[in-house]
Amino acid sequence: MTKFKRILLKLSGESLQGQQGYGIDQQRLSDYAVQIKEIAQQGVQIGIVIGGGNIFRGLSGAASGLDRVKGDQMGMLATVINSLALGSALTSIGVKARVMTAVRMEPIGEFYNKWVAIEAMERGEIVIMSCGTGQPYFTTDTGSSLRGIEIEADVMLKGTRVDGIYTADPEKDPTATKFDDISYNEVLQRGLRVMDITAIAMCKENNLPIYVFNMDKLGNLKRVINGEPIGTYVHP
Ligand code: UDP
């Protein structure tokens with residue numbers, strides 16, 4: 001028995017760049033696909049939201065003089081590129097996957113629809129939901145909170161490159177310690193930068209627990225699904 005029946009997996013665009021510093025690292029992409037296949041074979045229903053920071057971020061565009069809304073639209077398109085890459089990596093190893101878009105752009109992806117997504121997941125297909133929320137000034141973390149709530153996921157699994165939530169950034173502060181579990185309120189009160197406030201608030205208001213773990217270590221996704229306590233659980 002797996003710990004969760006239906007999950008929303010949030011993958012960071014930045015992690016997808018691997019060691020390259022930009023774009024899509026083929027090895028990382030394939031590692032993700034293999035890990036996802038493993039849990040799909042256990043019968044877990046999987047919805048995925050992926051970021052776009054490895055290609056473009058609206059805020060960086062705005063900092064260099066671009067219109068913020070246009071920059072965010074470019075960022076949303078970056079999430080579509082990553083979603084197509086992941087979908088194609090899954091298909092190439094025999095896993096059925098489809099890409100949905102929050103902004104109409106058939107035939108690149110089909111327009112997002114909650115019920116179509118759920119039906120596909122119930123048939124064992126993986127649904128990758130791109131463009132985040134489809135609106136500027138939001139992030140893909142908020143997009144994954146929204147989609148996780150909509151598709152009635154048991155949990156949002158936030159795959160990162162650190163082992164969980166720490167008292168401070170473990171990549172900068174060696175004295176930082178990890179939480180095994182923490183409440184939404186404490187995350188907000190301590191100002192922990194695990195996800196943006198909008199994303200945490202949505203999960204809190206709609207009771208979607210979040211599990212933060214290191215997705216860059218092979219086999220970790222399966223460990224989380226099988227209930228091994230390797231990351232940080234965020235709960236009411
Ligand atoms: N974005 C947006 N609306 C959304 C989600 C994303 O406008 O609902 C844009 C925004 O510009 C963001 C970019 O897409 O900077 C990439 O997403 P994000 O930064 O969340 O990706 P990550 O940092 O996880 O790679």
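Remember, it's 1-based here, ligands and their atoms both numbered in the order they're listed.
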Would you say that K10 contacts M195 through its side chain, given a criterion of any heavy-atom pair below 4.5 Å between the two side chains? no
Anything under 3.5 Å between a donor and an acceptor, one on a side chain of residues 157-166, the other on a protein residue two or more places apart or in another chain? List them.
| residue | atom | partner | partner atom | Å |
| --- | --- | --- | --- | --- |
| K158 | NZ | D141 | OD1 | 3.2 |
| K158 | NZ | D141 | OD2 | 3.4 |
| T160 | OG1 | V162 | N | 3.2 |
| T160 | OG1 | V162 | O | 2.9 |
| T160 | OG1 | F213 | O | 3.2 |
| R161 | NH2 | E14 | OE2 | 3.4 |
| D163 | OD1 | N214 | ND2 | 3.1 |
| D163 | OD1 | K217 | NZ | 3.2 |
| D163 | OD2 | K217 | NZ | 3.4 |

Using 4.0 Å as the upper bound for N to carboxylate O, is an ion pair formed by R28 and D25? no
Within the side chain of N206, is there an N or O that forms a donor-acceptor pair under 3.5 Å with the backbone of M202? yes
Using heavy atoms and a strict 4.0 Å limit, residues surrounding ligand 1 turn out to be K10, G13, E14, G51, G52, G53, F56, R57, G58, D72, G75, M76, C131, G132, T133, G134, Q135, P136, F138, T139, T140
Checking D181 now: which residues fulfil side chain to side chain donor-acceptor pair (under 3.5 Å) with it, not counting sequence neighbours? H235
Per the salt bridge (Lys or Arg N to Asp or Glu O under 4.0 Å) rule, what does the pair list look like for residues 87-98, sequence neighbours excluded? R98-E110, R98-E125
